[in-house]
Amino acid sequence: MPNDGPIAWVARADLGKATARIIAEGLFANKTMLLSGPATNVLTLAQLAELCSSILERPLKLHVVSEDEYVTQHTDTAALPRGDPEFLRLWATTYVAMARGETGIVTPLLEELLGGPPRLMEVCLKDQVGGERNAIEQYAK
């Protein structure tokens, strides 16, 4: 990836519950709303890699590369449209936004819609790998 920066991570299940409430109750009609994770979930990708390393008990490291190298590494004509260099250059703008802090914005709206705090990133990651010591064998094949 070309850059790193803070991201206000949120569990997909929490987004689903909040979105269901928005739809069911007809909230925020014709408005754009930001549903973000809590401040405790604001992590850079490097910090996320550290957290994953701790959970998996295995070293992981983030490797930041130039935009050109990112595009070269991910170009794959068999995986169109995502593997298209033009698409990849557009996608790389996400990392520019991350570096500027645009993905680390925290709002209270998700917690309000859920009626309580969103799930912590660490809990989500532990659930993702089953919290088991055999996670490496299960996922790192």
Side-chain angles (χ1 to χ4, degrees), residues 1-132 134-141:
M1 94 184 82
N3 285 302
D4 193 10
I7 300 170
W9 298 95
V10 61
R12 185 177 287 173
D14 287 344
L15 287 174
K17 287 177 188 174
T19 302
R21 182 165 174 215
I22 289 169
I23 293 168
E25 296 179 20
L27 304 173
F28 312 113
N30 299 314
K31 294 183 180 177
T32 301
M33 307 306 297
L34 176 62
L35 300 177
S36 71
T40 53
N41 282 4
V42 176
L43 302 168
T44 65
L45 292 174
Q47 291 169 320
L48 185 67
E50 288 175 21
L51 183 56
C52 289
S53 289
S54 172
I55 291 168
L56 294 172
E57 297 178 353
R58 160 186 182 193
L60 298 174
K61 187 178 180 194
L62 179 71
H63 183 67
V64 177
V65 298
S66 70
E67 182 179 320
D68 289 336
E69 188 175 349
Y70 173 81
V71 170
T72 300
Q73 287 178 0
H74 292 88
T75 296
D76 181 357
T77 55
L80 295 177
R82 289 188 207 168
D84 179 61
E86 204 172 309
F87 174 86
L88 291 166
R89 288 208 183 276
L90 290 171
W91 183 256
T93 63
T94 302
Y95 299 107
V96 174
M98 286 170 47
R100 287 193 304 241
E102 293 177 27
T103 55
I105 298 169
V106 174
T107 68
L109 182 57
L110 181 64
E111 186 168 346
E112 291 168 14
L113 289 167
L114 294 174
R119 293 181 61 201
L120 296 176
M121 191 62 193
E122 185 172 0
V123 172
C124 294
L125 289 171
K126 285 180 179 177
D127 288 350
Q128 200 64 22
V129 296
E132 302 290 331
N134 71 350
I136 294 172
E137 290 79 21
Q138 183 178 358
Y139 292 101
K141 294 181 179 178

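Because the structure is predicted, anything quoted here is derived from the model rather than measured.
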Checklist line | Student check: side-chain heavy atoms of Leu43 and Glu50 closer than 4.5 Å | finding: no

Using a 3.5 Å cut-off and no angle test, enumerate the donor-acceptor pairs between side-chain atoms of residues 103-118 and protein atoms at least two apart in sequence or in another chain.
residue : atom : partner : partner atom : Å
Thr103  : OG1  : Pro6    : O            : 2.5
Thr107  : OG1  : Leu34   : O            : 2.9

Notebook entry, point to check: Taking side chain as C-beta onward, heavy atoms only, is Val10 less than 4.5 Å from Asn41?
Noted result: no

Item checked: Approximate separation, where rounding is to 0.5 Å, of Thr93 OG1 and Leu88 CG -> 11.0 Å

Note to self: Using only atom types and a distance under 3.5 Å, with no angle test, would you say the side chain of Asp76 pairs donor to acceptor with the backbone of Arg82?
What the structure shows: no

Item checked: Residue pair Pro59 / Ser53: nearest heavy atoms and the distance that separates them -> C-OG, 3.6 Å

Notebook entry, point to check: Taking side chain as C-beta onward, heavy atoms only, is Thr19 less than 4.5 Å from Leu35?
Noted result: yes

Note to self: Using side-chain contact (heavy atoms from CB on, under 4.5 Å), reason through Met98 and Leu45 one step at a time and then give a plain yes or no.
What the structure shows: CA-CA 10 Å; Met98 286 170 47; Leu45 292 174; 3.4 Å; yes

Notebook entry, point to check: So how far is it from Arg119 CZ to Lys126 NZ, rounded to the nearest 0.5 Å?
Noted result: 12.0 Å

Margin query: Does this structure show an ion pair linking Asp84 with Arg89, if we count only N-O contacts that are shorter than 4.0 Å?
Written below: no

Notebook entry, point to check: Within a reach of under 6.0 Å around CD of Glu25, are more than 12 heavy atoms found that belong to other residues, nucleotides or ligands?
Noted result: yes

Check: Does any N or O in the side chain of Asp4 come within less than 3.5 Å of the main-chain N or O of Thr44, such that one atom is a donor and the other an acceptor?
Finding: no

Margin query: I need the Ile22 CD1 to Lys31 NZ distance, nearest 0.5 Å.
Written below: 11.5 Å

Next item on the list: Could you tell me the separation between the CE atom of Met121 and the SG atom of Cys52, rounded to the nearest 0.5 Å?
Entry: 7.0 Å

Next item on the list: Please state whether the rings of His74 and Tyr70 are parallel, tilted or perpendicular, taking 30° and 60° as the class boundaries.
Entry: tilted

